[in-house]
4 protein chains.
Amino acid sequence: MPDPTRRSERSRHAILTAAHELVGEVGYRKLTIEAIAARAGVGKQTIYRWWPSKGAVVLDAMLATVSDPADLALPDTGDVDADLRGVVHAIVAELADPTLSGTSRALMIEIQEDPGLAESMVERILGPNLAAIADRLRAAQDAGQLRRDLDLSVAVEMIVGPLYHRWLLRTAPLTPAYADTVTDLALRALAPDRLAPHGEDRLE
Amino acid sequence: MPDPTRRSERSRHAILTAAHELVGEVGYRKLTIEAIAARAGVGKQTIYRWWPSKGAVVLDAMLATVSDPADLALPDTGDVDADLRGVVHAIVAELADPTLSGTSRALMIEIQEDPGLAESMVERILGPNLAAIADRLRAAQDAGQLRRDLDLSVAVEMIVGPLYHRWLLRTAPLTPAYADTVTDLALRALAPDRLAPHGEDRLE
Amino acid sequence: MPDPTRRSERSRHAILTAAHELVGEVGYRKLTIEAIAARAGVGKQTIYRWWPSKGAVVLDAMLATVSDPADLALPDTGDVDADLRGVVHAIVAELADPTLSGTSRALMIEIQEDPGLAESMVERILGPNLAAIADRLRAAQDAGQLRRDLDLSVAVEMIVGPLYHRWLLRTAPLTPAYADTVTDLALRALAPDRLAPHGEDRLE
Amino acid sequence: MPDPTRRSERSRHAILTAAHELVGEVGYRKLTIEAIAARAGVGKQTIYRWWPSKGAVVLDAMLATVSDPADLALPDTGDVDADLRGVVHAIVAELADPTLSGTSRALMIEIQEDPGLAESMVERILGPNLAAIADRLRAAQDAGQLRRDLDLSVAVEMIVGPLYHRWLLRTAPLTPAYADTVTDLALRALAPDRLAPHGEDRLE
DNA sequence: AGGTAACCGAGACGGTACGTCGAGTCTTATG
DNA sequence: CATAAGACTCGACGTACCGTCTCGGTTACCT
């Protein structure tokens with residue numbers, strides 16, 4: 001239970017930078033706390049004092065490189081399809097980038113056996129990203145472009161679920177074309193019933 | 001380059017059993033070759049001689065517990081919706097079972113960093129499972145219940161993608177109700193256009 | 001170069017008490033500055049400011065518990081043998097007492113590697129104690145009970161040397177009976193030659 | 001509980017050599033297990049597997065440099081005084097040698113807080129050395145040069161006790177002249193009563 | 001009376017070594 | 001020659017203390 005007000009900003013920054021660099025150089029599996037400490041010119045204890053695990057350090061390092069949460073927001077051009085294609089392409093690009101992808105994959109691994117890390121991962125990275133998509137979908141829903149009875153978090157997962165499925169399970173390559181196909185299909189699922197435009201949509 | 005004909009079946013079996021048990025008891029991360037060898041009453045070298053990695057042992061252990069590929073096939077009652085609910089419920093149940101889930105999660109982890117393992121994983125476990133669903137969808141397509149222009153492997157991923165998304169990313173609990181919602185939405189996406197039953201469906 | 005006039009007596013006392021207690025509880029080797037500071041409710045720096053080493057703290061702690069130098073003096077009943085038995089028994093008792101012995105042993109340890117400490121140890125504790133014995137022997141010498149050519153400091157060591165030998169080298173238990181035997185033998189060595197009472201004793 | 005028959009002689013030897021060298025180079029206090037392992041080209045675990053403590057390693061290293069126990073035996077020229085002077089001078093010389101002395105002093109320290117080490121120290125080094133002196137004294141006793149009622153181990157301690165006292169307590173320098181004085185005095189104590197050559201000596 | 005310089009408790013910091021664990025390799029004895 | 005057993009080298013783990021270095025806070029002296 002250290003006192004955060006006395007924390008050394010210099011050390012914190014050096015640690016996150018070192019972690020970020022090293023994860024790119026040697027990969028997450030071969031990344032060691034010892035190496036981070038050495039590179040950062042810091043005692044190991046200083047890392048253990050402030051982070052519970054290697055995963056937590058890397059998560060913070062990743063967040064530090066991510067810019068402010070405002071630009072997570074999707075544009076709203078009125079064209080849901082186009083706006084969604086923007087995000088899914090960005091997701092595909094990010095997951096294809098070897099560096100980012102390596103770290104992401106590593107964190108995916110860690111959260112499989114570390115519920116605490118999973119929680120902060122969801123809270124700080126995944127959650128905001130999915131929420132941004134959900135926001136755009138809500139706007140579309142308000143504009144009558146989507147069914148009114150949708151659970152928006154499910155709607156989001158209809159879109160990103162198949163993308164992550166390919167990335168994580170490696171059943172087939174994750175391409176922009178695939179992302180487009182998935183988006184089209186998903187929007188078809190989310191669209192209001194065309195036969196009963198004035199009735200009550202009911203799902204489930 | 002060991003001689004497989006002289007391999008001890010007793011040892012092979014003991015190793016796979018021990019690996020299966022241990023992955024359930026301590027999780028994949030804390031699973032060690034040493035512990036497997038000790039539990040199996042086997043020399044470490046015997047494991048290193050026949051398997052290249054911890055993941056390979058666990059994969060074999062999982063395959064050994066999996067029953068014959070024939071009963072992967074989905075029933076065809078004529079009602080796609082019902083037949084799919086059967087599989088998705090089975091998937092949800094399997095991923096909820098702590099023992100089975102432990103091993104599966106372990107393999108998910110390992111394939112993130114071992115492409116070779118990923119390949120044999122897809123080939124021997126994931127592939128057959130997804131193919132079984134694809135087969136049922138093909139039958140439905142042939143019966144005119146689904147769009148004719150579907151890429152069936154994409155279709156399958158529209159259904160299972162969101163399920164694995166929840167399981168692996170832990171954004172929300174994976175429940176049978178969720179599986180039903182996803183299946184309904186997916187089928188809505190995969191169904192032929194209802195407004196132009198005589199026209200040509202066109203996707204993309 | 002701290003200013004001794006501003007030194008906190010409260011802290012000084014708490015540190016010495018804590019050191020004394022801890023050396024009895026965990027032994028000298030496992031005694032840490034950190035533990036002393038914690039037990040004394042004192043910042044580590046306060047210890048480092050006033051003492052150069054762990055040994056110096058313990059030496060001071062011991063001196064603080066030692067009573068005034070006046071009662072080091074041996075009684076002079078006229079019977080050297082009896083008077084010496086008094087001291088040697090006291091030494092044996094002190095070295096047998098687990099608490100006192102712990103601290104003494106600690107200092108013995110420390111002076112092995114710290115000549116400066118050894119010097120002040122000899123000056124402030126060992127010296128006065130040995131001098132007290134030497135004083136009694138001198139009286140006996142003056143009374144004609146001991147050889148006239150004795151180096152008194154050697155004489156003292158003939159008596160206490162064997163005692164410390166057992167205590168420090170642990171070759172055999174240190175008992176009052178052993179102390180008596182040693183004293184008898186030593187006195188026999190120190191006594192004037194009985195065959196030539198009128199001649200000049202000459203040693204070396 | 002490792003199996004000693006499978007122990008690597010190569011490693012054992014390298015460790016003892018490294019320990020011996022390092023203790024001479026940096027002293028006992030700054031000697032670390034890690035440095036020994038590195039110098040010996042050995043895993044730390046190999047040291048921990050076979051020795052319980054740093055002190056035990058150094059003790060073994062010291063023993064390894066000591067030649068066979070046969071040459072501990074004192075010569076018997078018929079002149080006890082001369083023969084004893086030989087050993088005490090050897091002891092003084094050994095305790096004056098900075099290298100040997102450093103290690104010896106270190107072991108003295110260790111045995112103060114490690115009874116197990118103390119035991120093997122006594123058993124393997126101190127014991128045999130003292131026994132060798134006792135043997136010579138026994139011969140003198142048989143020759144009628146010493147009192148018949150002597151406890152020989154006490155007799156030995158009358159001689160070496162004062163020597164170790166100076167060495168360990170650092171009250172005064174340990175010189176050959178001091179050793180001679182002590183030996184003379186001790187022999188005077190141990191000699192048979194000259195006034196009653198035919199009577200029964202009785203001590204205590 | 002206010003300023004300031006020291007001590008003080010607290011504890012974060014960069015380090016070093018600890019003793020343990022497991023990886024993957026090598027050796028020995030047994031079948 | 002495969003095996004069970006386990007010793008080996010190596011590297012990282014997470015912990016404990018070291019001695020130094022800020023932090024506020026509280027005296028005690030000095031203008």
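Residue numbers start from 1 in every chain, and the chains themselves are labelled A, B, ... in the order their sequence lines are given, proteins ahead of strands.
Within the 4.5 Å cutoff, no side-chain heavy atoms of D:Arg124 are placed close to those of D:Met62. For the pair A:Tyr48/A:Ile33, a side-chain contact is recorded, criterion being any heavy-atom separation below 4.5 Å from C-beta on.
Counting only distance, with no hydrogens or angles, the side chain of B:Arg105 and the backbone of B:Trp167 share a donor-acceptor pair below 3.5 Å.
Sequence order on DNA chain E of the closest nucleotides to C:Pro2 and A:Pro2 puts C:Pro2 first from the 5' end. For A:Trp50 and C:Gly41, each mapped to the nucleotide of DNA chain E holding its nearest heavy atom, the one lying further toward the 5' end belongs to C:Gly41. Residue-to-nucleotide proximity on DNA chain F shows that, of A:Lys54 and B:Val42, the 5′-proximal contact is made by B:Val42.
Within residues 11-32 of chain A, the residues having any heavy atom under 4.0 Å from DNA chain E are, by residue number, A:Ser11.
Residues meeting the salt bridge (Lys or Arg N to Asp or Glu O under 4.0 Å) test with A:Arg29, sequence neighbours left out: B:Glu110, B:Glu113.
Residue D:Ile36 contributes atom CD1, which lies 12 Å from atom C1' of E:dA17 at whole-angstrom precision. The CZ-P distance, from D:Arg10 to F:dC8, rounds to 10 Å in whole Å. Following rounding to the nearest Å, B:Ile47 (CD1) and F:dG6 (P) show an atom-to-atom distance of 15 Å. Here the P atom of nucleotide E:dC13 and the CD atom of A:Glu9 are 11 Å apart, to the nearest Å.
A:Glu21 CD: more than 12 foreign heavy atoms inside a 6.0 Å radius. Heavy-atom contacts from other residues, nucleotides or ligands closer than 6.0 Å to CD of C:Glu25 number more than 12.
C:Ser8 comes within contact range of the sugar-phosphate backbone alone, with a heavy-atom separation under 4.0 Å but no base atom that close. Across all strands, A:Arg49 comes closer than 4.0 Å to base atoms (heavy-atom distances).
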Would you sort out whether C:Lys54 and C:Asp114 count as a salt bridge (Lys or Arg N to Asp or Glu O under 4.0 Å), showing the intermediate values?
CA-CA 11 Å; C:Lys54 189 171 75 168; C:Asp114 183 342; over 6 Å; no
Give the B/S/- string for nucleotides 19-31 of chain F, one per nucleotide from 5' to 3', where a protein heavy atom under 4.0 Å of the base yields B, of only the sugar-phosphate yields S, and otherwise -.
BBBB----B----
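Ion pair D:Arg49/D:Asp3 not flagged as a salt bridge, since none of the NZ, NE, NH1 or NH2 atoms sits closer than 4.0 Å to an Asp/Glu carboxylate oxygen.
Figure legend: cation-pi geometry between A:Arg7 and A:Trp51, with NZ or CZ positioned under 6.0 Å from the six-membered ring centre and within 45° of its axis.
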